[in-house]
Amino acid sequence: MKVFIEKDYDALSKKAAELIKEVVKENPNAVLGLATGSSPIGTYAELIKDHQKKDGLSYAGVKTVNLDEYVGLGEGDEQSYVTFMRKNLFNYIDIDLSNTNLPNGKAVDLDKECDRYNALLATLKQDVQVLGIGSNGHIGFNEPGTSFDSVTHVVDLTENTIKDNSRLFDRIEDVPRRALTMGIKNILDAKMIIVVANGENKADAVAKAIEGEITESVPASVLQKHDNVYFVVDAKAASKLTNK
Ligand code: GLP
């Protein structure tokens, strides 16, 4: 595991974008595993900035798989993760939208949708998976207690996550209570993993993920078992690490 402690959000976003760009330069047909949430927005903004430069990197051959989606939300819904991805990345790069994939939160049969997504992931192994981290250590929407062997499944979100994510909704009652998420096994299948985290409210989760016991109570601690993980964090998110 490599840990980069950057001075602020801007610097961590630049660093994370550099790492992703390396992957795409190496393989223009790379599969990018992507995350939503506020943490990677700056990273995506850096990728867009770079793409829009003269001779910027092309994503025409890239395919993407996203971690998760709220149950009941999808295309056309402002708060859905598919909308988030378009507004924060896909609309500003030359990716073919038909090469972008998210679980479908509006699927009528959610179990079938999980099966479809797992089958898709089996054919699209992530060259790199971007992750944020929840303040309780969740990755994707894999809440504490999720099996390390889990694959794409439907989850009941914890009150903690609903509260954290409510800032992006008008009212807390509007936050969906369930989501579809890649499982931890799907995440660990990635060849490389980049975790981005900033701010004091991530400091506990970051310290536990990097230095704590590997336990299903802290989903991100499983990343210690993967042999190609990069944590790219700002000084505040790194503040509780004992070994800097
Ligand atoms: C949500 C997402 C996660 C994300 C987390 C942290 O729960 N499902 O993928 O990592 O939020 O979000 P933020 O980056 O906004 O703190």
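Note: hydrogens, waters and symmetry copies are ignored here, and every other heavy atom, side chains too, is used. Both counts, for ligands and for their atoms, begin at 1 and track the order of listing.
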request  = Measure from the side-chain N and O atoms of Ser166 to the backbone N and O of Ile172, and report whether any donor-acceptor pair falls under 3.5 Å.
outcome  =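 Flag not set: sc Ser166 to bb Ile172 has no pair under 3.5 Å.
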query = Does a side chain donor of either Ser58 or His51 reach within less than 3.5 Å of an acceptor in the other side chain?
reply =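 No, His51 and Ser58 have no side-chain donor paired with an acceptor closer than 3.5 Å.
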task = Not counting sequence neighbours, which residues clear side-chain contact (heavy atoms from CB on, under 4.5 Å) with Glu216? List them please.
result =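 Partners of Glu216 by the side-chain contact (heavy atoms from CB on, under 4.5 Å) criterion, ordered by chain and then number, come out as Ser147, Phe148.
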task = Hey, could you give me each pair passing salt bridge (Lys or Arg N to Asp or Glu O under 4.0 Å) that has a residue in residues 62-89? Not counting sequence neighbours.
result =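 Sorted pair list: Glu75-Arg86, Asp77-Lys106, Glu78-Lys87.
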ask   = Which other residues belong to the hydrophobic cluster containing Leu180, where Ile, Leu, Val, Met, Phe, Trp and Tyr are joined when side-chain heavy atoms lie under 4.5 Å apart, directly or via other members?
value =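 Same cluster as Leu180: Val71, Leu110, Val154.
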message = Any salt bridge linking Asp204 with Lys208? Criterion: basic side-chain nitrogen under 4.0 Å from a carboxylate oxygen.
response =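 No, Asp204 and Lys208 are not salt-bridged.
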Can you give me a line-by-line list of nitrogen or oxygen pairs between ligand 1 and the protein shorter than 3.5 Å?
{"from": "ligand 1", "atom 1": "7 (O)", "to": "His138", "atom 2": "NE2", "distance (Å)": "2.8"}
{"from": "ligand 1", "atom 1": "7 (O)", "to": "Asn165", "atom 2": "ND2", "distance (Å)": "3.3"}
{"from": "ligand 1", "atom 1": "8 (N)", "to": "Asp68", "atom 2": "OD2", "distance (Å)": "2.7"}
{"from": "ligand 1", "atom 1": "8 (N)", "to": "Gly140", "atom 2": "O", "distance (Å)": "3.2"}
{"from": "ligand 1", "atom 1": "10 (O)", "to": "Ile133", "atom 2": "N", "distance (Å)": "3.4"}
{"from": "ligand 1", "atom 1": "14 (O)", "to": "Ser38", "atom 2": "N", "distance (Å)": "3.2"}
{"from": "ligand 1", "atom 1": "14 (O)", "to": "Ser39", "atom 2": "N", "distance (Å)": "2.9"}
{"from": "ligand 1", "atom 1": "14 (O)", "to": "Ser39", "atom 2": "OG", "distance (Å)": "2.5"}
{"from": "ligand 1", "atom 1": "15 (O)", "to": "Ser38", "atom 2": "N", "distance (Å)": "2.7"}
{"from": "ligand 1", "atom 1": "15 (O)", "to": "Ser38", "atom 2": "OG", "distance (Å)": "2.7"}
{"from": "ligand 1", "atom 1": "15 (O)", "to": "Arg167", "atom 2": "NH2", "distance (Å)": "2.7"}
{"from": "ligand 1", "atom 1": "16 (O)", "to": "Lys202", "atom 2": "NZ", "distance (Å)": "2.5"}

